[in-house]
Peer 1: 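Pasting a structure here, questions to come.
The first residue in the sequence is number 1, and the count goes up from there.
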Amino acid sequence: METVYFKIFIMLFVSILFWHCEKNITTQCEVQPTIKPTLSSIQTEVFNGYCVSCHSGAAASGNLDLSPASAYSNLVNVPSSASSLMRVLPGNSDQSYLIKRLIGADGELIMPPAGRLPQNFIEAVQQWIDEGAKNN
C-alpha cells in the first residue's frame, strides 16, 4: 500500500514540477521586439512609441522635441537644461543625460513616466551613443 501512495506522490510532484517549469518558461522568455542601435530604429521604436506624446512640437516637455525631424539636433551634443551633462554625448552613454533618465540613475525620474523601457531598448540607445550617436 505504501508503494501506491509513494507512486501517487511522485506523479503529483513531477506534474507540479513540469507545470511550474512550463509556466516560468512562457513568462520569462517573452519575445522582446528587436531594435537596432541606429537612430532610425530608435526613433521608430523608442521615441515615436514612448516619447513624442510629451516631447514634440512647440510645447515639448523639457524643451526636448523628439519628433523625427528634430530628435537628432535636439539630443546630440546639446546641453541638458536639467543637468550639467549633454543630452547625448557621442561615444559616452555613461555621461549622457538621456541614459540617466532612461535608467533612473543618480535619483533621476525614469522616463517614460508610465514605466521603464524594455531593457533591450535601453541597451540599443546606449550602444548607439557609445558607437558615436550617428545620424543613421
Peer 1: With the 4.5 Å side-chain cut-off for hydrophobic clustering, are Ile110 and Ile122 part of the same group?
Peer 2: no
Peer 1: Would Tyr72 and Gln43 count as having a side-chain donor-acceptor pair, cut-off 3.5 Å?
Peer 2: no
Peer 1: If Ile, Leu, Val, Met, Phe, Trp and Tyr residues are connected whenever their side-chain heavy atoms lie under 4.5 Å apart, and connections chain through other members, are Phe47 and Phe121 in the same group?
Peer 2: yes
Peer 1: For the side chain of Ser96 and the backbone of Val88, is there at least one donor-acceptor N/O pair under 3.5 Å apart?
Peer 2: no
Peer 1: Contact between Ile103 and Arg116 at the side-chain level, heavy atoms closer than 4.5 Å - yes or no?
Peer 2: yes
Peer 1: Give a yes or no on whether the backbone of Tyr97 and the side-chain of Ser83 come within a donor-acceptor separation of less than 3.5 Å.
Peer 2: no
Peer 1: Using every non-hydrogen atom in the two residues, find where Pro90 and Gly132 come nearest and quote the distance to one decimal.
Peer 2: CB-O, 3.4 Å
Peer 1: Any side-chain to backbone donor/acceptor pair from Thr44 onto Ser40? Under 3.5 Å, distance only.
Peer 2: yes
Peer 1: Please check if the side chain of His55 supplies one atom and the backbone of Ala60 the other of a donor-acceptor pair under 3.5 Å.
Peer 2: no
Peer 1: Under a 4.5 Å side-chain heavy-atom rule over Ile, Leu, Val, Met, Phe, Trp and Tyr, are Leu102 and Leu66 clustered together?
Peer 2: yes
Peer 1: In Å, rounded to the nearest 0.5 Å, how long is the span from CD1 of Ile129 to CG of Leu98?
Peer 2: 5.0 Å
Peer 1: Could you tell me the separation between the CG atom of Leu64 and the CZ atom of Arg101, rounded to the nearest 0.5 Å?
Peer 2: 10.0 Å
Peer 1: Do Ser56 and Asp65 meet the criterion of a side-chain donor-acceptor pair at a distance under 3.5 Å?
Peer 2: no
Peer 1: Which atom names give the shortest non-hydrogen contact between Ile35 and Ser41, and what distance separates them?
Peer 2: CG1-OG, 3.3 Å
Peer 1: Tell me whether Arg87 contacts the main-chain N or O of Asn77 through its side chain, where contact means a donor paired with an acceptor under 3.5 Å.
Peer 2: no
Peer 1: Hey, quick one: are Leu39 and Leu75 part of the same hydrophobic cluster, counting side-chain heavy atoms closer than 4.5 Å, chains of contacts allowed?
Peer 2: yes
Peer 1: Enter the distance from Ser93:OG to Gln127:CD here, rounded to the nearest 0.5 Å.
Peer 2: 10.0 Å
Peer 1: Would the distance check show the side chain of Trp128 and the main-chain N or O of Lys134 forming a donor-acceptor pair, the cut-off being under 3.5 Å?
Peer 2: yes
Peer 1: Counting C-beta onward and ignoring hydrogens, is there a side-chain heavy-atom pair between Ile99 and Val125 closer than 4.5 Å?
Peer 2: yes
